[in-house]
Amino acid sequence: MNRRQLLNGGLYGVAAITLWRSGAGNAAASYPFSLSDAEWRKRLSPLAYNVLRKHATERPFTSPLDKEHRDGIFSCAGCGQRLFRSATKFDSGTGWPSFWAPLPKAVGTSRDFKLGYPRTEVHCARCGGHLGHVFDDGPRPTGKRYCMNGAALSFAPA
């Protein structure tokens, strides 16, 4: 079914569009690392839980990782998956740690309509945790800005 068929479907079309936009009705993705909700709550701080598992966003300029400039690796705070090399980190001025490229096969993306317009959500490829969003206004060589929540990351210096 395409968008025009949904729109022409009257009330059924409106209900279908609502489900399509919210992501409801999509089968839940399975990931190599999974825990119960209770286990995630025990493992993570309240902020990290809300960001990684409930798709929240931390306040800008609150994460110490925004100002982290040492050589090292940024990983998922939920499962430890290695996500970004510090060599790809840049100061975007947004108040969140930003990178121009993830490590190969480290992250996945999906569409997000939570603000009423489409964005590209970034999640950990290992546990599915919400990391942030990617935008097309980053520096060379990729032109991407992976704008990540610091609460979703951990850092290990080289």
Side-chain angles (χ1 to χ4, degrees), residues 1 3 6 15-68 72-90 92 94-139 142-158:
M1 177 177 286
R3 206 172 191 175
L6 285 174
I17 288 172
T18 302
L19 287 172
W20 171 69
R21 285 185 54 157
S22 70
N26 293 343
S30 60
Y31 295 95
F33 185 90
S34 63
L35 297 173
S36 70
D37 188 63
E39 291 170 316
W40 281 119
R41 285 183 184 274
K42 187 184 295 186
R43 182 183 188 101
L44 301 169
S45 72
L47 178 59
Y49 173 82
N50 283 330
V51 169
L52 284 162
R53 308 317 308 168
K54 298 299 181 184
H55 303 253
T57 300
E58 68 188 359
R59 290 189 347 259
F61 303 103
T62 59
S63 173
L65 294 182
D66 185 35
K67 300 296 182 198
E68 178 59 66
I73 297 288
F74 291 84
S75 299
C76 175
C79 71
Q81 166 86 356
R82 294 163 50 103
L83 302 171
F84 299 95
R85 285 191 176 89
S86 60
T88 65
K89 189 173 186 290
F90 69 98
S92 65
T94 61
W96 290 283
S98 297
F99 306 85
W100 49 263
L103 290 166
K105 299 181 183 180
V107 302
T109 60
S110 58
R111 296 302 265 169
D112 171 358
F113 291 91
K114 288 186 180 106
L115 295 181
Y117 58 88
R119 296 183 301 168
T120 303
E121 177 187 352
V122 178
H123 58 267
C124 174
R126 185 168 180 242
C127 72
H130 170 76
L131 301 170
H133 293 85
V134 62
F135 303 96
D136 291 325
D137 60 1
T142 65
K144 301 290 185 188
R145 174 173 51 98
Y146 286 82
C147 190
M148 304 292 98
N149 289 284
L153 304 173
S154 63
F155 177 73

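Keep in mind the model is a prediction, meaning the values are calculated, not measured.
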(request) Might you point out which heavy atoms bring Ala77 and Leu44 nearest each other, and give the distance in Å? (result) O-CD2, 3.6 Å

(request) Would you please name every residue forming a ring-ring contact (aromatic ring centres under 6.0 Å, His included) with Trp40, sequence neighbours left out? (result) Phe33

(message) I'd like to know if the side chain of Arg126 reaches the main chain of Cys79, judged simply by a donor and an acceptor atom lying under 3.5 Å from each other, with no hydrogens or angles considered.
(response) yes

(message) Could you go through His123 and Ser110, starting from their C-alpha distance and side-chain angles, then the distance that decides it, and tell me whether this counts as side chain to side chain contact (heavy atoms under 4.5 Å, CB included)?
(response) CA-CA 8 Å; His123 58 267; Ser110 58; 4.1 Å; yes

(request) With rounding to the nearest 0.5 Å, note down the distance linking CZ in Phe135 to OG1 in Thr94. (result) 8.5 Å

(request) With the side chain counted from C-beta on, respond yes when Cys76 and Leu52 share a heavy-atom pair under 4.5 Å apart, and no when they do not. (result) yes

(request) Identify the residue among Phe99, Trp100, Phe90 that makes a side-chain contact (heavy atoms from CB on, under 4.5 Å) with Arg145. (result) Phe90

(message) I'd like to check Ile73 versus Arg85 (side-chain heavy atoms, cut-off strictly below 4.5 Å). Are they in contact?
(response) yes

(message) Check this for me: Arg59, atom CZ, are more than 12 non-hydrogen atoms of other residues, nucleotides or ligands nearer than 6.0 Å?
(response) no

(request) Report yes if some heavy atom in the side chain of Lys89 is under 4.5 Å from a heavy atom in the side chain of Pro97; otherwise report no. (result) yes

(request) Let me see the working for Lys144 and Asp136 under side chain to side chain contact (heavy atoms under 4.5 Å, CB included), right down to the final yes or no. (result) CA-CA 5 Å; Lys144 301 290 185 188; Asp136 291 325; 2.4 Å; yes

(message) Which heavy atom of Val107 sits nearest to which heavy atom of Tyr146, and what is that distance?
(response) CG2-CE2, 4.5 Å

(request) Report yes if some heavy atom in the side chain of Thr120 is under 4.5 Å from a heavy atom in the side chain of Arg111; otherwise report no. (result) yes

(request) Please list all pairs passing the ring pair (Phe, Tyr, Trp, His ring centres under 6.0 Å) test where one or both residues lie in residues 47-66, with sequence neighbours left out. (result) His55-His130

(request) Could you grab the distance from atom CZ of Arg41 to atom CZ of Arg53, nearest 0.5 Å is fine? (result) 11.5 Å

(request) Find the distance between NE2 (His133) and OG1 (Thr57) and round it off to the nearest 0.5 Å. (result) 6.5 Å

Solution key, residues 148-158 side-chain donor-acceptor pairs under 3.5 Å, sequence neighbours excluded:
unit_1 : atom_1 : unit_2 : atom_2 : d
Asn149 : OD1    : Glu58  : N      : 3.0
Asn149 : ND2    : Leu131 : O      : 3.0

(message) Any heavy-atom pair between the side chains of Gln81 and Cys127 that's under 4.5 Å?
(response) no

(message) Treating Arg43 as the side-chain partner and Gly78 as the backbone partner, does any N or O pair qualify as donor plus acceptor under 3.5 Å?
(response) yes

